[in-house]
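Here is the structure we will look at, set down as structure tokens.
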Amino acid sequence: DGVCPLSATDLELWIRVKAGVESCEDGDAMLPAKIVNILRESDSDDIAMELSNERCIVKLRNGKFDMATLNPAEFPGFDTVEFDKAIELSADMFKSMVDKTSFAAGSSGTGKVDTGVTQGVCIELADGNLTFTGANSKSLATISHDAPYSEKSIKVASKKFLDLVSASAEDSVMINLFVDNLIAAKTGDVEIVSKVIDGRFPQWRMLIPKESTFTAIVNVGSLLSAVKQTAIMTDDMANRITFAFSEGKLALSATESPLGKSAIEIDVECGGKLEMIFNPVIWIAMLSKLDPASSLTFSATVDRKPTILT
């Protein structure tokens, strides 16, 4: 019927996709993962595959590959997941929610994975809202979207799962949070199922201060540029910059590196003074996910509680 179902797995995640073919005969085969490398490196618009005597011949525009096949009965498949109760989001909304939270999942911006922190994004359905939250030892990022469902569920999904769904997303994405120990997504002809991440996700709502004593409003693009410039004079041993707010100004500086010093000043809306120190890597990762033309509200307290950015 002109369709060839394809399945792949790494035993943590499974993907099914329906590929269109010009002609084929009924049958099945399991190919080594090398087939992915062949297709990735090929510049051919079309490929031909022939299966015979436990061998697969892959013919390209400028060459061919001959590889052994495996027994398809040994493929570690998974049960079919229904999507009748799935939550549906537009592809753009799903990608935005992943993009604005997954950068914080398990990495504090040092290039090293945080130990003791769940390496994934918490997806929570409750009270008519769908919330994505990524967290590490230094920061967290959370975003919510209306979801008119009475059910409740909470899963921690791997970044690999979310990135693969985002890359595959077409017009819409359907997410099933109601399968035991699994999370599933469907977009177009692609189904992706993943094991959820074990472990307790941080009680992140308890970390957010209920009140603030200082507020400033700053342009995202201007702040990102200033942080990047200031961070030039930092290094692995002195990877921090000072934010010094005063009347209508924000002065960023890096002074502790043996490489030298830097100082950048930008205009902001604020009515007081406050000085704080941050890791620039975290700020660059976060600001890069936002619209540079938008404004960012900076809320803080003088007693070193977490800073809130909205």
Side-chain angles (χ1 to χ4, degrees), residues 12-17 78-106 117-136 139-210 286 289-291 294-297 299 306 308-310:
E12 294 290 333
L13 181 149
W14 292 260
I15 180 170
R16 287 181 180 144
V17 60
F78 58 95
D79 294 334
T80 300
V81 175
E82 300 296 335
F83 287 88
D84 53 330
K85 292 177 62 178
I87 303 158
E88 186 170 7
L89 297 172
S90 70
D92 288 343
M93 176 56 66
F94 180 85
K95 292 178 181 179
S96 176
M97 294 180 76
V98 171
D99 201 38
K100 291 177 180 177
T101 55
S102 64
F103 74 91
V117 180
T118 303
Q119 309 298 313
V121 172
C122 181
I123 302 178
E124 182 179 4
L125 178 65
D127 303 323
N129 286 294
L130 182 68
T131 302
F132 284 33
T133 304
N136 58 63
S139 63
L140 71 85
T142 185
I143 184 171
S144 294
H145 181 67
D146 292 339
Y149 297 85
S150 58
E151 296 88 349
K152 293 185 177 182
S153 181
I154 183 167
K155 304 271 188 175
V156 179
S158 68
K159 292 178 63 176
K160 178 170 60 176
F161 168 80
L162 295 172
D163 289 343
L164 186 55
V165 176
S166 290
S168 306
E170 296 181 355
D171 295 332
S172 64
V173 175
M174 301 183 72
I175 308 172
N176 188 334
L177 300 175
F178 306 104
V179 184
D180 291 342
N181 301 316
L182 297 173
I183 183 170
K186 182 176 182 180
T187 176
D189 290 328
V190 179
E191 288 185 34
I192 303 171
V193 178
S194 174
K195 294 180 180 179
V196 295
I197 297 178
D198 294 329
R200 187 172 181 177
F201 198 81
Q203 298 295 312
W204 59 271
R205 288 183 174 87
M206 298 177 61
L207 303 175
I208 300 177
K210 300 297 187 293
M286 180 269 295
K289 306 299 181 182
L290 304 178
D291 180 359
S294 64
S295 296
L296 186 70
T297 300
S299 303
I308 308 301
L309 306 169
T310 56

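Quick note: residue numbers are just sequence positions, from 1.
Residues Ser102 and Asp163 approach most closely at OG-OD1, 4.4 Å, considering heavy atoms. Between Phe178 and Ser153, the shortest heavy-atom distance links the atoms CE2-CB, 3.8 Å. Considering all non-hydrogen atoms of both residues, Gly134 and Ala104 come closest at O-CB, 3.8 Å. The heavy-atom pair separating Ala185 from Val173 by the smallest distance is CB-CG1, 4.4 Å. Closest heavy-atom contact between Tyr149 and Glu88: OH-N, 3.5 Å. Between Ile183 and Ala157 the shortest heavy-atom distance is CD1-CB, 4.0 Å.
Judged as a side chain to side chain contact (heavy atoms under 4.5 Å, CB included), and not counting sequence neighbours, the contacts of Ile308 are Ile208, Pro209, Ser299, Thr310. Every residue two or more places apart in sequence or in another chain that forms a side chain to side chain contact (heavy atoms under 4.5 Å, CB included) with Lys100 is listed here: Ser96, Ile143, Lys289, Leu290. Remark: Asp92 engages Ser90 in a side chain to side chain contact (heavy atoms under 4.5 Å, CB included) (not counting sequence neighbours). Under the salt bridge (charged side-chain N to carboxylate O under 4.0 Å, His left out) criterion, Lys85 pairs with no residue at all, not counting sequence neighbours. Partners of Val193 under the side chain to side chain contact (heavy atoms under 4.5 Å, CB included) rule, at least two apart in sequence or in another chain, are Phe78, Val81, Leu182, Ala184.
Atoms OG and CD1, on Ser168 and Ile15 in that order, are 5.0 Å from each other to the nearest 0.5 Å. The distance from the NE2 atom of His145 to the CE atom of Met93 is 4.5 Å, given to the nearest 0.5 Å. Going from atom NZ of Lys155 over to atom NZ of Lys195 covers 13.5 Å, rounded to the nearest 0.5 Å. Atom OG1 of Thr101 and atom NZ of Lys159 lie 9.5 Å apart (nearest 0.5 Å). From Leu140, atom CG reaches atom CZ of Arg205 across 10.5 Å, with rounding to the nearest 0.5 Å. The line from OG of Ser144 to CG of Leu125 is 11.0 Å long, rounded to the nearest 0.5 Å.
Looking at heavy atoms from C-beta onward, Thr142 lies in side-chain contact with Thr131 at the 4.5 angstrom threshold. Contact check for Leu177 versus Leu130: side-chain heavy atoms found under the 4.5 Å cut-off. Counting heavy atoms from C-beta outward, Val156 and Val196 have side chains that stay 4.5 Å or more apart. Counting heavy atoms from C-beta on, the side chains of Val98 and Val165 never come closer than 4.5 Å. Between Phe94 and Ile175, some side-chain heavy-atom pair lies under the 4.5 Å cut-off.
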*Show your working on side chain to side chain contact (heavy atoms under 4.5 Å, CB included) between Asn129 and Asp146 and close with a plain yes or no.*
CA-CA 5 Å; Asn129 286 294; Asp146 292 339; 3.6 Å; yes

*Output, in order, the C-alpha distance, side-chain angles, deciding distance and verdict of side chain to side chain contact (heavy atoms under 4.5 Å, CB included) for Phe161 and Ile197.*
CA-CA 11 Å; Phe161 168 80; Ile197 297 178; over 6 Å; no

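Residue Asp84 qualifies as enclosed at atom CG: its count of foreign heavy atoms under 6.0 Å is above 12.
Sequence neighbours left out, not one pair with a member in residues 164-190 passes salt bridge (charged side-chain N to carboxylate O under 4.0 Å, His left out).
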